[in-house]
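Ligands are counted one by one from 1 in listed order, and the atoms in each one are counted from 1 as well. In what follows, residues are counted from 1 in the order of the sequence shown.
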Amino acid sequence: MVSPTAPALQGRTKTRRACGEAAAAAQARRRRRRGAGEAGQAGPDMGPLLRAARAWRPPGLPPPRRRRSTFNVAVVGGGLVGLASARELVLRHPSLTFALLEKEKELACHQSGHNSGVIHSGIYYTPGSLKAKLCVQGAALCYEYCDQKGIPYKQCGKLIVAVEQEEIPRLKALYERGLQNNVRDLRLISAKEIQAKEPFCRGLMALDSPYTGIVNYRHVALSYAEDFQKAGGTVLTDFEVTNMEMAKESPPESTEGLKHPVVVRNSKGEEVYCQHIVTCSGLYSDRLSQISGCSPEPRIVPFRGDYLVLKPEKCYMVKGNIYPVPDPRFPFLGVHFTPRMDGSVWLGPNAVLAFKREGYKLFDFSPKDFGDAVLYSGLWKLVSRNLSSGINEMYRACFLSAQVKQLQKFIPEVTINDILRGPSGVRAQALDNEGNLVDDFVFDGGTGDIGSRILHVRNAPSPAATSSLAIAKMIAKEVEERFGL
Ligand SMILES: Cc1cc2nc3c(=O)[nH]c(=O)nc-3n(C[C@H](O)[C@H](O)[C@H](O)COP(=O)(O)OP(=O)(O)OC[C@H]3O[C@@H](n4cnc5c(N)ncnc54)[C@H](O)[C@@H]3O)c2cc1C
């Protein structure tokens, strides 16, 4: 009698060989690129660091272990949240095996590499919410981590500035909220004090948060990756997860039956086997949830944020972060002035609905992303409630003069001749089917064979970069409790 498992085992052996060949080819491609001096997708300042990460070897340690295709836990998504979580898990459980699966050839390519770079202090968030708790903890952990690793940051502070009389009650309410959230060193300051701190900024009153800082989050993400690999974790880039299912039988090398019963497949048909999965897939978190048989709700709506940059000779006008009093109807913080670690100053970002989840240009379009969005009733409810503000944002995105008008409320000296168009980022914002933007971080799993082995990070918008180390601790605890690690 022919064993029913035999063809499946042969198939899998073939896939493993294909996987090895693909890895070798990728390595050769990487070697060629390194030889040609290509900086990959990193900005010019990060190119050398990314190349170092690709070629990374732990100093003084033996060569890394052979790539394994079975792991105790696979973490999907090589942004700050996935990397911090993978790092935390391997540090807590050095005897277990962990993989980090990332669809791009580099890490931190999306939100984690396209953001304002602000270490938020925790002012805005509803007291008692995960955002409030994890941002305050996360900011402290972020500074401590950067100190330990020698990652440069600047604690340059932030002013939230009221420019209209009607904004003052909201500013005072923000101050109270910040105090409730235990934000350090907050105080309300007068117009005169605003000018002492930011000589070019005008305002009636401001909330001063000296604890706020800036950092290059891509640098932080690569450092998390280095820690993860040094502790024995495996990073598989160019691995786009397209399918997860229960294995029909164990992989050929397993001697312990169904020890790694979940098969995670990528777009090339390569497989890894694992016991548990954590997804931290940002703009695709709803799709990953759906793939695993868990709920597609809440859906992700991509909001693009375009930045302008001050011309270098005008950067002297901004010392620290300058933010508006946020509009309580929206989860975004409003167009702000943000100094960067390289000495430049970014202005923005705005918030316009994007027609492509990873579309960084005004006219980027994906039929699938667009189709998914327009067929979702939640989006129509959101649009109908916010039509005029949405059109205004679109208008400002197209016409620089309209954006400059906004900025002049804070720094009247800024003119259209002082600015250039800058980069963009796309925010992964969860939306429920009633058209409500989901405000807090959301983590959930599912039921059934696979669902009960998965933890999904469903909504991790700003300030998840600041909070990433605190989110990671929470995820690790949740993984330990759910999966009995
Ligand atoms: C414009 C902008 C400004 C912001 N400013 C700040 C700020 O100043 N301070 C702050 O704290 N936060 C800020 N944020 C928020 C912060 O950047 C994000 O909350 C954080 O980076 C989220 O990290 P993440 O790992 O969840 O997502 P991401 O960084 O998007 O990572 C998700 C990863 O999953 C991968 N992935 C997706 N699908 C798959 C798949 N099928 N298989 C394998 N891999 C997959 C993606 O390629 C990606 O690398 C900002 C965000 C934006 C967009």
*What atoms in ligand 1 come closer than 4.0 Å to a heavy atom of S112?*
21 (O), 23 (O), 25 (O), 28 (P), 29 (O)
*Identify the closest protein heavy atom to atom 39 (C) of ligand 1: which residue and atom is it, and at what distance?*
K103 CD, 3.8 Å
*Any nitrogen or oxygen of A460, main chain or side chain, under 3.5 Å from a nitrogen or oxygen of ligand 1?*
yes
*Any idea which protein heavy atom is nearest atom 42 (N) of ligand 1, and the distance to it?*
V241 N, 2.9 Å
*Report yes or no: is the cationic atom of R427 (NZ for Lys, CZ for Arg) under 6.0 Å from the centre of the six-membered ring of F303, at an angle within 45° of the ring normal?*
no
*In the protein, which heavy atom is nearest to atom 10 (C) of ligand 1, and how far is it?*
A465 CB, 3.5 Å
*Check ligand 1 against F239 and write out every atom of the ligand that is under 4.0 Å from a heavy-atom position of the residue.*
42 (N), 43 (C)
_Can you tell me which portion of P461 lies within the under-4.0 Å heavy-atom range of ligand 1? Options are side chain, backbone, both, or neither._
backbone
*Look at atom 34 (O) of ligand 1 and say which protein heavy atom is nearest, naming residue and atom and giving the distance to 0.1 Å.*
G77 CA, 3.3 Å
*In the protein, what heavy atom is nearest to atom 14 (N) of ligand 1, and what distance, to one decimal place, separates them?*
S462 CB, 3.7 Å
*Ionic contact status for K268 with E240, cut-off 4.0 Å*: no
*Looking only at heavy atoms, is any part of Y307 under 4.0 Å from ligand 1, and if so is it the side chain, the backbone, or both, or is it neither?*
side chain
_Once you restrict to heavy atoms under 4.0 Å, what part of L107 touches ligand 1? Side chain, backbone, both or neither._
neither
*Tell me, please, whether Y323 has K158 positioned over its six-membered ring: NZ or CZ under 6.0 Å from the ring centre and within 45 degrees of its axis?*
yes
*asked:* Does ligand 1 come near enough to L80 that some N or O of the ligand is less than 3.5 Å from an N or O of the residue?
replied: yes
*For N321, which of S116, C156, S209 qualifies under side chain to side chain contact (heavy atoms under 4.5 Å, CB included)?*
C156
_To check your reading of the model: name the closest protein heavy atom to atom 30 (O) of ligand 1, its residue, and the distance in Å._
Q111 NE2, 3.1 Å
*May I ask you to list the atoms of ligand 1 that are less than 4.0 angstrom from any heavy atom of L101?*
43 (C), 44 (N)
*If you draw the axis of the six-membered ring of F483, does the NZ or CZ of R453 fall within 45° of it and under 6.0 Å from the ring centre?*
no
*Could you check atom 24 (P) of ligand 1 against the protein and tell me its nearest heavy-atom contact, residue, atom and distance included?*
V81 CG2, 3.8 Å
*How about Y153 and D147: does a side-chain donor come under 3.5 Å of a side-chain acceptor?*
yes
_When you compare the side chain of L159 with that of K197, does any pair of heavy atoms fall below 4.5 Å?_
yes
*Would you call the rings of F399 and Y395 parallel, tilted or perpendicular, where under 30° means parallel and over 60° means perpendicular?*
tilted
*Is any side-chain N of the basic residue among D306 and R421 closer than 4.0 Å to the acidic one's carboxylate O?*
no
*Taking both backbone and side-chain atoms of H114, is any N or O found less than 3.5 Å from an N or O belonging to ligand 1?*
no
_Quick check on K103: does its NZ atom have over 12 non-hydrogen neighbours (other residues, nucleotides or ligands) under 6.0 Å away?_
yes
_Close-contact set for ligand 1 against T466 heavy atoms, below 4.0 Å_ = 9 (N), 10 (C), 11 (O)
*Between Y360 and H114, is the gap from one ring center to the other below 6.0 Å?*
yes
*Would you mind reporting whether L455 and E478 have side-chain heavy atoms less than 4.5 Å apart?*
yes
*Considering distance alone, does some N or O of V118 sit under 3.5 Å from an N or O of ligand 1?*
yes
_Check for me whether the distance between the ring centres of F370 and F355 falls short of 6.0 Å._
yes
*Without swapping roles, check the side chain of Q111 against the backbone of A428 for a donor-acceptor pair under 3.5 Å.*
yes
*Could you tell me whether E102 and ligand 1 have an N or O pair separated by under 3.5 Å?*
yes
*Have a look at C142, S116, C135 and point out the one with the heavy atom closest to atom 5 (N) of ligand 1.*
S116
_Under a 4.0 angstrom heavy-atom cut-off, which atoms of ligand 1 come close to G117?_
8 (O)
*Heavy atom of F303 under 4.0 Å from ligand 1?*
no
*Polar-atom distance check: V76 versus ligand 1, any N or O pair below 3.5 Å?*
no
*Just by distance, do the side chain of H336 and the backbone of G348 share a donor-acceptor pair under 3.5 Å?*
yes
_Would E240 count as being in polar contact with ligand 1, using the rule that some N or O on each side must be under 3.5 angstrom apart?_
no
*Among all protein non-hydrogen atoms, which one is nearest to atom 31 (O) of ligand 1, and what is the separation to 0.1 Å?*
G79 CA, 3.4 Å
_Quick check for you: to the nearest 0.5 Å, what is the distance between C294 atom SG and M244 atom CE?_
8.5 Å
*For P463, the ligand 1 atoms whose distance to one of its heavy atoms is below 4.0 Å*: 10 (C), 11 (O), 12 (N)
*Looking only at non-hydrogen atoms, find the nearest pair between S424 and Y307 and report the distance.*
CA-CD1, 4.3 Å
_Is there a polar contact, in the sense of an N or O pair closer than 3.5 Å, between N115 and ligand 1?_
yes
*More than 12 foreign heavy atoms under 6.0 Å from NZ of K405: is that the case here?*
no
*Between E104 and ligand 1, find which residue part has any heavy-atom pair under 4.0 Å and reply side chain, backbone, both or neither.*
side chain
*Examine E358 against ligand 1 and note whether any of their N/O atoms are separated by less than 3.5 Å.*
no
_Close-contact set for ligand 1 against A464 heavy atoms, below 4.0 Å_ = 19 (O)
*Under 4.0 Å from any heavy atom of R427, which atoms of ligand 1 are there?*
52 (C), 53 (C)
*Does R287 approach ligand 1 within less than 4.0 angstrom via side chain, backbone, both or neither, non-hydrogen atoms only?*
neither
*Report the part of C280 in contact with ligand 1, treating N, CA, C, O as backbone and CB onward as side chain, heavy atoms under 4.0 Å; options are side chain, backbone, both, neither.*
backbone
*Say whether G425, considering both its backbone and side-chain N or O atoms, lies within less than 3.5 Å of an N or O atom on ligand 1.*
no
*Between Y376 (side chain) and D432 (backbone), is there a donor-acceptor pair under 3.5 Å?*
yes
